[in-house]
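Below is one structure, written out as structure tokens, with a few remarks after it.
Each chain gets a letter, A, B and so on, in the order its sequence line appears, and its residues count up from 1.
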Amino acid sequence: MNIATVIVDVPTLGTDKEFDYLIPEKWKGIIERGMRVAVPFGPRTIQGFVTGLKSNSPYKDKLKELKEPLDLTPVLNKELLELGEWLATDTLSFKISCFQAMLPAAMKAKYEKRFLRINMEDNPFLDDLFGGKTEITWKKAEERNILPALHAEIKLGNAEVVYDVKSLARKKMIKVYETMMDNEEMLTLLNSLPANASNQKMILEYVLKQQSAQYTAKELTDAGAPQSSIHGLVKKGVFTEKNEEVYRDPFEHKQFDRTAPFLLTNEQREVITPILDTIESKKYETFLLYGVTGSGKTEIYLQSIQKVLDKGQEAIVLVPEISLTPQMVDRFKSRFGNDVAVLHSGLSIGEKYDEWRKVQRKEARVVVGARSAIFAPFENIGIIIIDEEHETSYKQEELPRYHARDVAIYRAKYHQCPVILGSATPALESFARAQKKVYHQLTLSKRMNNKSLPPVSIIDMREEMRDGNRSMFSRELHTKLADRLEKKEQTILFLNKRGHSSFMMCRDCGYVMQCPHCDISLTFHRYTNEMKCHYCGFNTFVPHTCPECSSNHIRYFGTGTQKVEEELYKVFPEARVVRMDVDTTGRKGAHEKLLEHFQSGKADILLGTQMIAKGLDFPNITLVGVLSADTMLHLPDFRASEKTFQLLTQVSGRAGRHELNGEVVIQTYTPEHYSIEYAGQQDYDRFYQQEMVMRKVGSYPPFYYLTLITISHEDLMKTVSTTEKITKYVQSRISDEAIILGPVASPIPRINNRYRYQCLIKYKHEPELKPTLHKVLEHYQQQFIKEGLTISIDVNPYMMM
DNA sequence: AGCACGCCGACT
DNA sequence: GTCGGCGTGCTC
């Protein structure tokens, strides 16, 4: 077993396989599967993952020795290594990308090159090149423009290039001072100190008072001790100084009050019983916990986790990124305290690394996090919970394009434990699986406080228009808003569109200002005063006259959050408005700040996009207004109705969650659409029935699986012809039962000057599809790189654009 | 990916 | 004749 098989950090098809390396004598028995290692690869040194150990290799004669391990213990266990392999085949990604997706970003290697001087003889030229030192970094050499000269010296044998693999990870170290002296000795010393050593005296008095075994540097400096006098005491032998690793704790300054489990309602007890049974009997099972908002799903999660912890096992809880709010974290931290690690994108690289290591060292047994937390390196998982399971953010849009739900089920089968998918508006696929008894459905139909859901009125904006109301607020919403302002109660206004206006059109010639690089109209942003492309980031000045016909009859159509904010101040000058969208929450912590501002009652109206639809639970909110329910409905996406229904149901759930009664107003131009009608009635079951009919007719999931191939290139003809060729090839390799749509232009036919064509494959059972797609990648790879084509294959896509 | 090798044009 | 352009192919 002196040979390690390694997956190297080069994400290409040609290198997506194991490379064999000799294990040097000194690392024998130390190198294990799942460790990161530095290996020579061609002329470079790069990072790799050890996937196995063996004693023979077909490359016997050309084996190189691996350089060194980068970890003391494996970072990927046996399960995660296998999961990585499976993920790579399942999503048609590279193994290395899969492994990297499982680890915190801090573990991704950083590469650095430097030149080493070999010839140490007297040589003024070399002295000059190396600036009198024995080495120089590549970057420095580049800046000084001496790369060619250094290369010449390498040829002469006077210098060489060294490749370093560096980890981004930094352990945070602090200085700790320990004392071995007893009180008596210390007192003697204290009295013998000269009068001018006031700081040292002060420290000794402090230590005598505190009586602890060790003190952090920070504690001593906080007590007023300068660095120099601490060192003075170290010299005198009072303290020994050492470096100790500390975790960066994102919740350092937060107090969590411990909560005890709540008494469950009858309904909750019925629901939790089968879950607890499954935990007890260590069986795999996926539960769909279908419960209206406020029905107490979280308490079910908490008590199930408690059971898992009691059995000495671990738990993973996934929460959508945007609802991973302090509120949510509090609920877990206050029940399980330090047993909880939190992983989400708001943390710094270092913080994420530390939280991850708490898990790896088994210092935390519950992980609460966004999508990637599904890879938490636990070894004895007792439950996996996915809250708001219908959220599309559980699908990663970059490589590897995995869905956290699929990974959860894979891991649960491996660990023989339950998965709980919780939602008030389950994904159609999930609900259908529950109907077919693939998942075990559990239903919570009552709200815990027995409050009925808030009444919803659906306003037909066409009628408002006919009656002469051209404002963006219907008469009913206007009256109710005024009423809430009067009563000092709070309102949430929801609009799924940021910016000011979605497009600009000339009323004389019909010219619409478009992005020169993408086939999409530019959005008007009031505050930055520019026209912006939301796809490639292009921006330009705001025209005062039409660029086409010079007319000044320019109008802005489509309403964004900025425009609503302006309008609110016009109609209700006394209202205090908080606007929350990507543009106002860009900075770290801005999100929490705005919410806190609203929660403390310093604002009357919270106006925002998607991000305010979830999780907010403020007692004073009694009105929810949806300004335009149909913005999403007409997108070219077969899930448009489902998304609309889910969003409307969720926003509605924000009103009247406590003592005060809530109301919901939904404004729309298509009140007759079933997703709006049923959302108004909060009737998931009827929506499900109707939507299933539509999916069946359109041959969409859950009746068919989908795979989307997108090809892009700067040249339109090239794009079309390549897509055609690939489509034909795929068609020839799979059965007639599969439906192939395309080649057709993508819904956004051009982004960043690249044309985009796609081919959508709908199928029920095609075992040959994945191998075929793999062949497509293999076959076209060289041509793709050579001709600048890009191909993306998305199995079970959520973004059809 | 990143680097070496190799085969053709514009110069000392 | 040589320096350097970037097309091709390999990395255990």
Side-chain angles (χ1 to χ4, degrees), chain A residues 1-25 27-28 31-70 81 85 88 92-101 105 107-116 137-139 141-142 145-157 159-168 398-400 713 718 777-792:
Chain A
M1 300 299 232
N2 59 337
I3 294 169
T5 57
V6 175
I7 297 289
V8 294
D9 182 17
V10 182
T12 57
L13 253 169
T15 50
D16 189 32
K17 55 175 182 163
E18 289 171 339
F19 285 81
D20 296 348
Y21 287 92
L22 276 172
I23 300 173
E25 204 53 49
W27 301 119
K28 283 230 175 90
I31 302 287
E32 284 178 63
R33 291 185 76 197
M35 273 186 184
R36 294 176 306 154
V37 286
V39 291
F41 197 67
R44 307 176 283 156
T45 304
I46 57 171
Q47 191 193 75
F49 290 88
V50 177
T51 52
L53 300 172
K54 56 185 187 178
S55 39
N56 219 332
S57 162
Y59 298 92
K60 253 206 302 294
D61 41 340
K62 53 194 267 196
L63 285 187
K64 286 184 185 172
E65 285 195 333
L66 62 81
K67 263 190 132 156
E68 59 180 349
L70 298 173
L81 282 170
E85 302 263 336
L92 294 148
S93 317
F94 307 120
K95 292 182 187 79
I96 188 71
S97 317
C98 294
F99 290 149
Q100 263 156 6
M107 291 200 160
K108 213 180 136 121
K110 208 177 89 191
Y111 300 108
E112 263 173 29
K113 286 184 287 188
R114 60 202 156 92
F115 294 95
L116 218 62
T137 63
W138 184 283
K139 237 176 96 192
E142 205 169 22
N145 251 332
I146 53 171
L147 284 180
L150 282 165
H151 276 292
E153 293 304 323
I154 291 171
K155 282 223 171 96
L156 290 169
E160 65 175 342
V161 184
V162 188
Y163 297 81
D164 294 317
V165 179
K166 289 210 167 150
S167 183
L168 289 169
E398 307 91 62
L399 285 171
H713 191 263
K718 179 134 229 138
L777 289 176
E778 251 165 34
H779 182 258
Y780 284 95
Q781 199 209 181
Q782 306 92 320
Q783 194 196 335
F784 280 148
I785 321 172
K786 206 165 61 195
E787 299 177 12
L789 280 154
T790 42
I791 179 168
S792 105

Worksheet item: With side chains defined as the heavy atoms from C-beta onward, is the minimum distance between A:Phe115 and A:Leu147 less than 4.5 Å?
Response: yes

Worksheet entry | For DNA chain B, the residues among residues 43-59 of chain A that have a non-hydrogen atom under 4.0 Å from it | A:Pro43, A:Arg44

Item to complete: State whether A:Arg114 and A:Glu112 are salt-bridged, where the test is any N-O pair (Lys NZ or Arg NE/NH1/NH2 against Asp/Glu carboxylate O) under 4.0 Å.
Response: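 No, no charged N to carboxylate O under 4.0 Å.
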
Under a 3.5 Å distance rule, please check whether [X] uses its side chain to pair with a backbone N or O of [Y] as donor and acceptor.
X	Y	answer
A:Arg33	A:Thr51	yes
A:Arg36	A:Met107	yes
A:Tyr163	A:Pro40	no
A:Ser57	A:Asp20	no

Discussion item. Let's see if you get this right: which residues in residues 16-23 of chain A place a heavy atom under 4.0 Å from DNA chain C?
Written reply: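 By residue number: A:Lys17, A:Phe19, A:Asp20, A:Tyr21.
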
Worksheet item: Heavy atoms under 4.0 Å, any strand shown: does A:Phe94 hit a base, just sugar-phosphate, or nothing?
Response: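 Since no nucleic acid heavy atom lies under 4.0 Å of A:Phe94, the category is nothing.
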
Worksheet item: Given A:Tyr21, which of A:Val37, A:Leu63, A:Val6, A:Ile31 fulfils the side chain to side chain contact (heavy atoms under 4.5 Å, CB included) condition?
Response: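 Of the listed options, the one satisfying the test is A:Val6.
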
Discussion item. Distance under 4.0 Å to a non-hydrogen atom of chain A counts as contact; along DNA chain C, which nucleotides mark the start and end?
Written reply: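 So the contact region on DNA chain C extends C:dT8 to C:dC12.
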
Worksheet, complete the sentence: Residue pairs meeting side chain to side chain donor-acceptor pair (under 3.5 Å), one or both in residues 92-101 of chain A, sequence neighbours left out, come to A:Asp9-A:Gln100, A:Thr91-A:Ser93

Fill in: Straight-line distance of A:Trp27 CH2 to A:Lys67 NZ, nearest 0.5 Å
12.0 Å

Worksheet item: When rounded to the nearest 0.5 angstrom, what is the spacing between CD in A:Glu25 and CD in A:Glu65?
Response: 9.0 Å

Discussion item. Show the nearest heavy-atom pair for residues A:Leu66 and A:Ala4, with the distance to one decimal.
Written reply: CD2-CB, 4.0 Å

Discussion item. Distance under 4.0 Å to a non-hydrogen atom of chain A counts as contact; along DNA chain B, which nucleotides mark the start and end?
Written reply: B:dA1 to B:dC3

Response to the item:
Those residues at least two apart in sequence (or on a different chain) that pass ring pair (Phe, Tyr, Trp, His ring centres under 6.0 Å) with A:Phe94 are none

